[in-house]
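The structure appears right after this line, and notes come after that.
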Amino acid sequence: MSRAAPAAASHTARCLVLDPGHGGLDGGAVSKSGKKESDINLAIALKTQKLAEFYGVDTVMTRTDDSMRTDLKSYSEHEDLVRRTEIANSARNGTLISIHQNCYPTSLPSGAQTLFSNDPESKKLGELTQGNIVRYLQPENRRLAEPAPAKLYITGHAACPAILVECGFMSNFSDIEKLSGGKYQTSLAVVLFVSYLQYTERALLT
């Protein structure tokens with residue numbers, strides 16, 4: 001069963017919370033070709049949600065489209081992050097995956113990296129997810145899962161296991177070409193969801 005927050009719904013034993021970063025007035029990073037991070041984040045999250053629905057996993061989405069229920073004058077990035085975090089924290093037995101893209105002043109850096117909240121369970125999920133990304137999608141990637149910087153609000157204030165996945169670099173031509181394609185987005189969604197399943201199965205055994 002799935003739902004778009006803040007509608008009420010019953011939950012199964014565990015719940016996958018998907019946070020497509022940015023959205024609406026906040027497009028996030030923009031590639032040289034004009035691709036918006038917020039669109040790519042949402043596409044990956046929706047594909048992940050579909051997989052979860054197929055497997056009967058309860059999901060919560062912090063947004064399901066690119067609309068923003070406010071105008072430019074009243075928009076607050078901080079308040080939006082607080083709202084997203086409250087959605088994640090209200091999910092019973094939730095596990096949060098926040099989906100983002102990286103960006104850099106030059107086109108050299110590439111590859112995904114997983115950041116995790118400062119707790120053992122988030123670290124387990126983060127290391128598992130990064131390992132699966134490297135193993136199945138990016139064998140040339142040498143990045144490791146790392147603790148999320150304190151400045152990242154959602155991982156710093158999540159009350160559940162939480163990771164933030166930077167799926168690639170908007171500033172890298174090869175990355176953005178892949179990230180813009182539905183096939184690669186689906187591959188990322190599969191890896192994210194399988195990592196969640198592996199993590200929850202391990203958690204149930206402990």
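Along the sequence shown, the residues carry numbers beginning at 1.
With Leu192 as the partner, the side-chain contact (heavy atoms from CB on, under 4.5 Å) test is satisfied by one option alone out of Leu197, Ile44, Leu51, Ile163: Ile44.
Neither Phe169 nor Leu152 shares a network with the other; the hydrophobic side chains, linked directly or stepwise wherever heavy atoms of I, L, V, M, F, W or Y lie under 4.5 Å apart, form separate groups for each.
Ser195 and Leu128 get closest at one heavy-atom pair: O-CD2, 3.4 Å. Of all heavy-atom pairs spanning Ile133 and Ala112, the tightest one is CG2-CB, 3.9 Å. Of all the heavy atoms in Asp66 and Ser38, the pair that sits closest is OD1-OG, 3.9 Å. Residues Leu179 and Gly168 come closest through the heavy atom pair CD1-CA, 3.9 Å. Listed here is the closest heavy atom pair of Asn141 and Val134: O-CG1, 3.6 Å. Heavy-atom minimum distance, Pro161 versus Gly94: CD-O, 3.5 Å.
Judged by distance alone, with hydrogens and angles left aside, the side-chain atoms of Gln130 form a donor-acceptor pair with the main-chain N or O of Arg143 at under 3.5 Å. Without hydrogens or angle criteria, Ser117 side chain to Thr155 main chain gives a donor-acceptor distance under 3.5 Å. Although no hydrogens or angles enter the test, the distance criterion places no donor-acceptor pair under 3.5 Å between the side chain of Arg92 and the main chain of Cys15. A donor-acceptor pair under 3.5 Å is absent between the side-chain atoms of Ser122 and the main chain of Asn118, judged by distance alone. Judged by distance alone, with hydrogens and angles left aside, the side-chain atoms of Arg202 form no donor-acceptor pair with the main-chain N or O of Leu125 at under 3.5 Å. Without hydrogens or angle criteria, Thr129 side chain to Gly126 main chain gives no donor-acceptor distance under 3.5 Å. Remark: the backbone N or O of Met170 is not paired with any side-chain donor or acceptor of Gln101 at under 3.5 angstrom. Side-chain atoms of Asn41 come within 3.5 Å of backbone N or O of Gly21 as a donor-acceptor pair. Panel note: side chain Gln113, backbone Leu144; a donor-acceptor pair is recorded below 3.5 Å. With Asn172 contributing its side chain and Ser107 its backbone, the two residues share a donor-acceptor pair below 3.5 Å.
Ion pair Lys124/Glu121 flagged as a salt bridge, since at least one NZ, NE, NH1 or NH2 atom sits closer than 4.0 Å to an Asp/Glu carboxylate oxygen.
Qualifying side chain to side chain contact (heavy atoms under 4.5 Å, CB included) partners for Thr85, counting only residues two or more places apart in sequence or in other chains: Asn89, Tyr153, Ile154, His157.
Counting only heavy atoms from C-beta outward, the side chains of Ser76 and Val82 never approach each other to under 4.5 Å.
Contacts classified as ring pair (Phe, Tyr, Trp, His ring centres under 6.0 Å) and involving residues 86-114 (residues at least two apart or in different chains) are given here: His22-His100.
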